[in-house]
Amino acid sequence: MGHPLVRLDGVSKAYGKIVAVHPLTLDIFRGDFVAVLGPSGCGKTTLLNMLAGFVLPDSGRIEIDGRDVSHVGPDRRPTNMVFQGYALFPHMTVRQNIAYGLRIRNYPKQEIDERVGEMVDLVHLGGLERRAVTEISGGQQQRVALARALIMRPDVLLLDEPLAALDLKLRNSMQQELRRIHQSIGGTFVFVTHDQNEAMGLANRIAVMRDGLLVQEGSPEEIYSTPRTQFVSNFIGEANVLPGRRTSGVVVLDAGTAFPSKGSDGTVATVVRPEAMSLTKLDGAPIEDGKVVMQGTVRDAVFLGSRMKYVVEVPGNAITVYTPPSGRSDRFAMDNKVDVVWNMVDQRVLDTE
Amino acid sequence: MGHPLVRLDGVSKAYGKIVAVHPLTLDIFRGDFVAVLGPSGCGKTTLLNMLAGFVLPDSGRIEIDGRDVSHVGPDRRPTNMVFQGYALFPHMTVRQNIAYGLRIRNYPKQEIDERVGEMVDLVHLGGLERRAVTEISGGQQQRVALARALIMRPDVLLLDEPLAALDLKLRNSMQQELRRIHQSIGGTFVFVTHDQNEAMGLANRIAVMRDGLLVQEGSPEEIYSTPRTQFVSNFIGEANVLPGRRTSGVVVLDAGTAFPSKGSDGTVATVVRPEAMSLTKLDGAPIEDGKVVMQGTVRDAVFLGSRMKYVVEVPGNAITVYTPPSGRSDRFAMDNKVDVVWNMVDQRVLDTE
Amino acid sequence: MTPAIRSRGWLALPYLTVYLLVFVAPLLYFFVISFWRVRLFRLMPDASLANYAKTLEAHSVSLIFTFEIAFTIAVIVTTLAFVFAYVVRFKAGRYGTPLLFVVLIALFGGYLTKIYVWKTILGQAGVINSALGLLGIVNEPITFLLYNPVAVVITLSHYTLPLAILPIYGALRSIEDMPLRAARDLGASRFRVVWDVVLPQCRVGILIAFSLCLIFAAGDFVTPLLIGGPYTSMIGKLIQLQFGFHGDAAMGSAMAFTVIGICLVVIFMVGTLIFTVFRVR
Amino acid sequence: MTPAIRSRGWLALPYLTVYLLVFVAPLLYFFVISFWRVRLFRLMPDASLANYAKTLEAHSVSLIFTFEIAFTIAVIVTTLAFVFAYVVRFKAGRYGTPLLFVVLIALFGGYLTKIYVWKTILGQAGVINSALGLLGIVNEPITFLLYNPVAVVITLSHYTLPLAILPIYGALRSIEDMPLRAARDLGASRFRVVWDVVLPQCRVGILIAFSLCLIFAAGDFVTPLLIGGPYTSMIGKLIQLQFGFHGDAAMGSAMAFTVIGICLVVIFMVGTLIFTVFRVR
């Protein structure tokens, strides 16, 4: 990969006494599609605004393509943004919106026409050029916002919760669309989101933030399968977190089961994904090697189409289990006792203090 | 079940020349949790407003608990509504909002206090009674709206897109909450939504609407596994719809495969759920009985945590396949040839005209 | 630019302060003068309440009369304005905006014109007398229509109505529709909805409308002069005499600030009343 | 109640029409009168344009002068109002609302008071002369400050500023923040953002502000009377004479409607200009 396109080096920002972003270091490489993921108030939007130039960092250094832009205004940075809610110019047509950035730079009319044409093709807006942006649908507005930023050929395209305002069906198709556009122009995209599905579905790298700190950074697979903290495991996908204690290489869970686990003595949290668990009735049958079993009571069973969702009460906890859908006959009924089983390789034991 | 609590009998509504709801008949039984599901503009909101009394039907009859309420105003119907966006009284506290309906009816102060207390407990709002509703979170506002309607002990509780304004995490927990409340008070709930996940996760009966018509009605399982039309199959869950033609008991798909299927000759659409398909490399191995195989090219592969999503190009179509997550090694790479396999029992062949 | 960065609001403050000073300072200067004295036709600095004492002593009848009229106008106009704004906001749908534009245009369709309109309608040779004469109801023109307090109330109400509509409409516009539906759904009659949900949310707008009408009516001197007749001795006329004929700016200022002071007291009382009656229960 | 049911807006229309008729009818009556004639001090129905012809003939100098002044005031005030409203909307953050409240209160802080404030400041014994005298710059009070068109412009500008701020602020308030950021992000300077994004979106508000100032300044007669001096012969004074001294309501109406007509023409032209300059490209 070589030299990173964007370097954030010890960048921080505080508003009065409230620290939005603690000193943070992050490299973004050319061609990356990076998600900055975190709950609201985690500092991700401030981070994006610092990349765009709307917020100047209190300390640290922001480099884009080798140039220090820490104190350069948004109008003179090689970044462009797709704003949350799109921020289209409501008094302009689709075409006028897309062309605005080039008009500012006094490009000749012919070149503007050409590049607007390219963009309209890229985002599939053909035929809508003369429509007012207030008259088109949410999905189309989203495309206009994208075209308006991409026409500037930015070194880095920034996106603020790009799919948040769309409904489910549209979100899925726009997600595929964004991946296609990213691949076809080969650009570098950075977006912030609080929706882990969006992050997983779009990005090749995810940076998880919490309380102004960068908690973990890596590929979606790394973050999903080896979350570094309980917070990450809960935030990326659903997770059952089972508290327990390790004594001389054996973890005893509060929920009433035990398994061997190397590590120092102390309290631990065992994280298991709902889809890694299965429900069964052992009726005293022996446990297979490498599996963990726990007894519980079914408290809720919901048919979700592609899967069943069970809520199972275990001592001190209520856990969620997803199983493949099944006929009415082999379902576990409400308030019945069941055994919850999972493979030890699918769990992750985190030391807690 | 006996006599239905709510009877809609040939109810219709037009605005000028635009028909919002064509004559529609629907029974709702005591204790039901009914979802009216459809895309925007399908007439579901008009239907809900007719139940609430905000819109009077042009024709037909609405009965609640045996009483004809077709022309009774919203203030004198035994229904209460949880509005989209909550519609709380912004100038009142949480307690004042919840108590408003009882105050209108001039209940004695003591009884109001008692019932507000019950509601606050039911929806877990303890300690927030004196807060302004503008100062509490979206999830809490949702609970206030629910309590404000439930305190009236309505025969039917109506909910308009109850979870649409909440973010994903909150939506999941509120969904569980609503199920719990429905079970604990044993009421009859009717809600409209455009989100099939919401409908599946909450309701025990789903009514699918399209263009002012009731298309299909039944349990979530019925609708998911035996959709009556292409529209329903696409709207409830994701579906791959493969066009083809049946000639003398054999369906030949445009995508390049064939299987036996009883029925009259003509064009058909074969619907297969993405999670019912799997990807493999047969390399000329024979096909098992009862399975269908189709060749395609992988065009996109996304890791989504609990599953992998593949987009596979087959002749004339791009289909989606969900498979369990797997290590990097046994994934299918972009632009590789694969075989898409599914069981014939998991497909549904619909005659199209 | 960087708008909507809340924490930087104070940056604009010094700038706006200068703006307001230039804009408000002349009035402040007058306030200072009101404690001065005039000797030999020249203003002499002082810090005396004598002007105020004299105002209350010599003009109490006129002040009371003025505020009776102004209060009547403010109550009538605020009520009419609420009804109009309510209908435009909640009933007129897409006709609302053009209707409001008409109101805005009529807002300053001409102060003078409006005065003379009423003078002509109510006058001896005016519309009402002509109609009565043609119908044979009266033989001679009736004269009691004009040059009395009622004529002043009619004229000033006509003039201030648009002023009162705008703030109330503004307040109504920020009221959302759905909570009104929710109130209906919970069993409230149409009237209860207005009383419980609409009015408590536009108390500030109503108070502003009332204040504008009151201040305007109490301070006006042209209408009483042209239309009020000799017995409508409103304070505005006397203030004008003090500045003009007597040339005593100190006394005139004191009288003007007495009017403003009484206005503020009345507004405070009416505000308390509105906030109590339309309180949230 | 059932608000927000769009298709039923027309139900409110007859009701509002009645309201507007009661409210606008008096002005219409005057419009009719303007085609009548006065014979022997009585109004006689007629359909003649004679009054209008006479207005243009006899008062053209005064009309031109009036509109020079009114136009100047409208331009100055609209500009100042835009700057103030812009700062309040985009820079003042949470101080915006209280600031606007001050403006609203000052809106009718008293017409009369404002006139006399300026009369006192600019007059022979006023603040400026006192200051100049104390500093020894002049020996005798300078008199050219008052009783001239400039004094009228200052006074009326001071009075109409709040009127102009409100519609512009209203227009600015409905402009969203984020598109301004987007423009910056696309390379626009702060000035370009105002020119390309803000101004085109508040053209209507600016035109309303301009119109209010123009109509008010053109129709006013009190300020020229008290502060304008003998050579500031604005048309308002003449209209008042026509109604009052001459008692010719027909002629007075014709003059008033001539003023209104010219106002509409000027507003139309300025509107066209604003919509062309701040057009969307």
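To find a chain, count down the sequence lines: A is the first, B the second, and so on, and within it residues start at 1. These numbers were taken from a predicted model, which means no experiment stands behind them.
- Chosen from A:Leu304, A:Val311, A:Val302, the residue pairing most often with chain B at heavy-atom distances under 4.5 Å is A:Val302.
- Residues satisfying the side chain to side chain donor-acceptor pair (under 3.5 Å) criterion with A:His194, sequence neighbours excluded, are A:Glu161.
- With a threshold of 4.5 angstrom between heavy atoms, B:Ala318 does not approach chain A through any atom at all.
- Contacts between A:Arg179 and chain B at a heavy-atom distance below 4.5 Å involve the side chain alone, from C-beta outward.
- Using a 4.5 Å cut-off between heavy atoms, A:Arg307 touches chain B through its side chain atoms alone.
- Put simply, NZ on A:Lys309 and CD on B:Gln175 are 6.5 Å apart, with the number rounded to the nearest 0.5 Å.
- Contact annotation for A:Ala203: neither backbone nor side-chain heavy atoms come within less than 4.5 Å of a heavy atom of chain B.
- A search for ring-ring contact (aromatic ring centres under 6.0 Å, His included) contacts involving A:Phe235 returns A:Phe231, not counting sequence neighbours.
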